[in-house]
Every structure is written in C-alpha cells, then in structure tokens.
Amino acid sequence: MTHYSWFSVFAKALGGNKGWDRAWRDPEPKAAYDVIIVGGGGHGLATAYYLAKEHGITNVAVLEKGWLGGGNTGRNTTIIRSNYMIDGNTHFYEKSLKLWEGLSKDLNYNAMVSHRKIYNLFHSPSQMEGFAKRYNIMRSCGIDGEILNREEVMKVLPYLDYSPNARFPVYGAASQPRAGTARHDAVAWGYARGADMRGVDLIQNCEVTGYQRDASGAVVGVQTTRGDIKAKKVGIAVAGHTSQLAEMAGLNLPIESHLLQAFVSEPYKPLIDTVITFGAGHFYISQSDKGGLVFGGDLDGYNSFAQRGNFHLIDHLLPEGKAMVPCLSRLRFQRTWGGIMDMTMDGSPIICKSPVDGLYINGGWCYGGFKATPGSGWCFAHTIANDRPHEFNSKLTLDRFRRGYALDEKGAGPMPGWH
Ligand SMILES: Cc1cc2nc3c(=O)[nH]c(=O)nc-3n(C[C@H](O)[C@H](O)[C@H](O)COP(=O)(O)OP(=O)(O)OC[C@H]3O[C@@H](n4cnc5c(N)ncnc54)[C@H](O)[C@@H]3O)c2cc1C
C-alpha cells in the first residue's frame, strides 16, 4: 500500500496520476472471524482500526449494509469539541479530541482536522452563569475554554447582530479554542484504509439480518444477506439502527430513533472562520472549505427511520440563523439532508458489553457522535478486546438507566427527543 506523502503525490503526478493503489480491498466474507463489527460508519471502522492497531486483533470483519461512511458519518455537520461537564462524558470526549489532534498523521490520511474554535453565544446573565459553570468544570479537568464578554465577541465575530433592536442581544460567548471541524468522509476513508492495511475485511452491501446463538443463548455469529458468518464476538455500531440490531438479540434499549437535518448554502467568499452556536435557539453554523455555509439545528421532533426531513424545521431554523447573522438573508441555500439519530433517555452514549454473551453495544450517539468517532472506536476496541471497559467509557453503560444513574448533560430529563 502506498504511503501517502508529498513525495508520492509528486511522483504519481509526474506519471499522470496512474498506478495509485486501491485504498482498501473488496474481499468476500470468510466463514468465521474473531470479531465482527456491524456498521461501516466512522465508529465501526475506528473500532476495527484500533482492534488491529492497539490490540493486535486482525481477524476482524466490518459488515456494512450500504457503502462505507454512507450513514450519519457522511451526513453530519462535522463539529468536533470536548466541552462536556458531566463526570463520565468529560474525560471521554477529551480523549476523543486528543485523538483528533494526531489523527491525520496516525492514519497517514488527511482527515482535514481544523481547530478553528467554537463560540457558544449567550444572551443573558443567567445563561452566562450556566456556561461559566460548564467551562470552569472543563478547565479544572485541564480542558481549554474561555468566557468572552460582548466587546470581545464583537471583535472576533463582527457580523453578528449587535444592533440596539436585536431580538436576542449578544451578551457574550463561551469558547473552546481546540474545537473545530474535520472532513467527515475522509475520517471514514482514513480509518477504512488503516484497518484494511492491518488485515481487517471491509464488506459492503452486507446487511446483518439476525444473530446465530448457541444453546446458552450467546451470540456466536451473524446472519447476513451474504450468508451466515461465525464470530467469537459481535459488536454493533449502527447509530440510528441500534434499537433494531439490539431487538434482534431480544434487547429492548432505552433508545428512540429520530430525524435530524443539516443544510448547506451556495458557496460564498470566506465569512465564518470558526463554529458558532446560537444561544437563544438551536442553530449552529460553520463554513466548509468549498465555501458553503453549513448549518443545523434541532431534531424534526418525531420518531422516524427516514433519512430526509420536513419543511417545518427549515421554517423554524432559517429565522434563527438570520437573527444571529443578519447577512445570511442574502444567501440561497442549496441542499438539505437528514440522518437517523439514536437518542437515549439521557442524551449520552452507550459503549459496553451487552447482557447477551458475545454481543457488544456502541450506540446512543444522539446528534453528537461525530466528534466522538476516534474516542468511541478506541474505547469500544478496548472493551471488546479485554471484556471490560476502559476508564474513559466506564460510566457509559447500559445498566445506568436501570440504576437511575443518568448522564444528562442538558438537564432535559428522560425524554429522548429533548436532548
Ligand atoms: C444532520 C446531522 C448533523 C450532525 N452533526 C454532528 C456534529 O456536528 N458533530 C457531531 O459530533 N455529531 C454530529 N452528528 C451525529 C453524528 O453524525 C453521528 O452520531 C455519528 O456519525 C454516528 O456514527 P456511526 O459510525 O455510529 O454511525 P453511521 O455513520 O450512521 O454508521 C452506521 C452504519 O451502520 C450501517 N447499518 C445499519 N444497520 C445495519 C445492518 N443491519 N447491517 C449492516 N450495517 C448496518 C448503516 O448503513 C451505517 O453506515 C450529526 C448527525 C446528523 C444526521
């Protein structure tokens, strides 16, 4: 496999860009593997990569019903950050952000990680108190974060609405300097290439339709549209389909599948060189390298497995954007799309062994799982390899819901659609 470097790019360019290796193989499924990961999104691919790299487990297959990265990994707004304050989330997301920092080099694949900062706007003194508490907790855990007053925000984000009649006056902002964005497809492709190079079989167009069980009920393989495959361990990393894959094993998870949309405008000259979230509603925005303004907001508000949204959210979201950045009213927006969110009762994820022997669960990412991709794969691989969680995911268990130990970052209560 070619090592990607400026030299290889130069040398191949001289040869008319012919002779590049395929980034990964297209193998037929084998009869048996040590580990099968269901779901070829970022989390599944990262898990396979770290199983091989960190634990030397290479007899692994990733089974994907469509194409690699075609789920939420390829549909999200690519924001990465670690501004979490609940014990159980804080160090997990910080581990993930640290992995993002060295990811392109580690994978030898440009994941286009850009630490362009995030600004969380607040619009009242009480909102500022809330953010100050969150950012103080982060800082006491060694995570970067700062609070800016209105004048400081005016200097760095001059295009917001600071007029005396602004509907939601900007009071200040909380900012995490190391937060930013990454290129979603490149993350999936980089992990895929890295896993394939270490011997992992990436099998596309292979839907898992059920499990093989032994006499004790343990999962010992999967049934797929390309035949039965045995495995000592099966991990599911299927995001919006987590409840369905768990149900096939008789598990009823505290997860609902909801719809989330994202939007992109026509390409525009550089305007927003950071990530901004609106504090008076649910709206956030950044600008892609191609110039499109990428923005998103809240869930559509009903349970669904559809990967497309409805107009009412567009109607709700665009005024929020315009209230924050008035010049957005001059833009045309180009595309909208949707993904299926695996919303848990407390808004936090699950990475653990399941109550069924041989089956491991990675899910409940809600709408914040892209930033978790490296950390999630790293912790899930550790959990599968050692049959116990790493300290970073030790609180992200399924039984926390039975024990009443919620990790509710938002304080929204036990309603999946509210997180
Ligand atoms: C519009 C939108 C905006 C978002 N914005 C952000 C953001 O800014 N920051 C952030 O951190 N997160 C964001 N997210 C959330 C983030 O995208 C997800 O949490 C994350 O990508 C989940 O990754 P994954 O690998 O678990 O899932 P996916 O990428 O969805 O991968 C799961 C895969 O499993 C496959 N699969 C399902 N069922 C089966 C089966 N039976 N057999 C085989 N394969 C199967 C699917 O085809 C899919 O490819 C956003 C999501 C959306 C939709």
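The figures that follow rest on heavy atoms only: side chains count, while hydrogens, waters and symmetry mates do not. These numbers come from a predicted model, not from an experiment. Counting starts at 1 for both ligands and their atoms, following the listed order.
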Thr73 N/O to ligand 1 N/O under 3.5 Å: yes
N/O separation below 3.5 Å, Ile79 to ligand 1: yes
Lys/Arg N to Asp/Glu carboxylate O, Asp346 vs Arg400, below 4.0 Å: yes
How far is [atom] from its nearest protein heavy atom, and which residue and atom is that?
atom	result
atom 8 (O) of ligand 1	Thr77 OG1, 2.7 Å
atom 47 (O) of ligand 1	Glu64 OE2, 2.7 Å
atom 14 (N) of ligand 1	Tyr367 O, 3.3 Å
atom 43 (C) of ligand 1	Lys65 N, 3.3 Å
atom 40 (C) of ligand 1	Val208 N, 3.8 Å
atom 23 (O) of ligand 1	His43 CD2, 3.2 Å

Element-labelled atoms of ligand 1 that are located less than 4.0 Å from some non-hydrogen atom of Cys366: 19 (O)
No-hydrogen, no-angle side-chain donor-acceptor test under 3.5 Å, Gln176 and Asp144: yes
Pair Thr383, Asn393: side-chain N/O donor-acceptor within cut-off below 3.5 Å: yes
Under the salt bridge (charged side-chain N to carboxylate O under 4.0 Å, His left out) test, residues paired with Asp106 that sit two or more places apart: Lys53
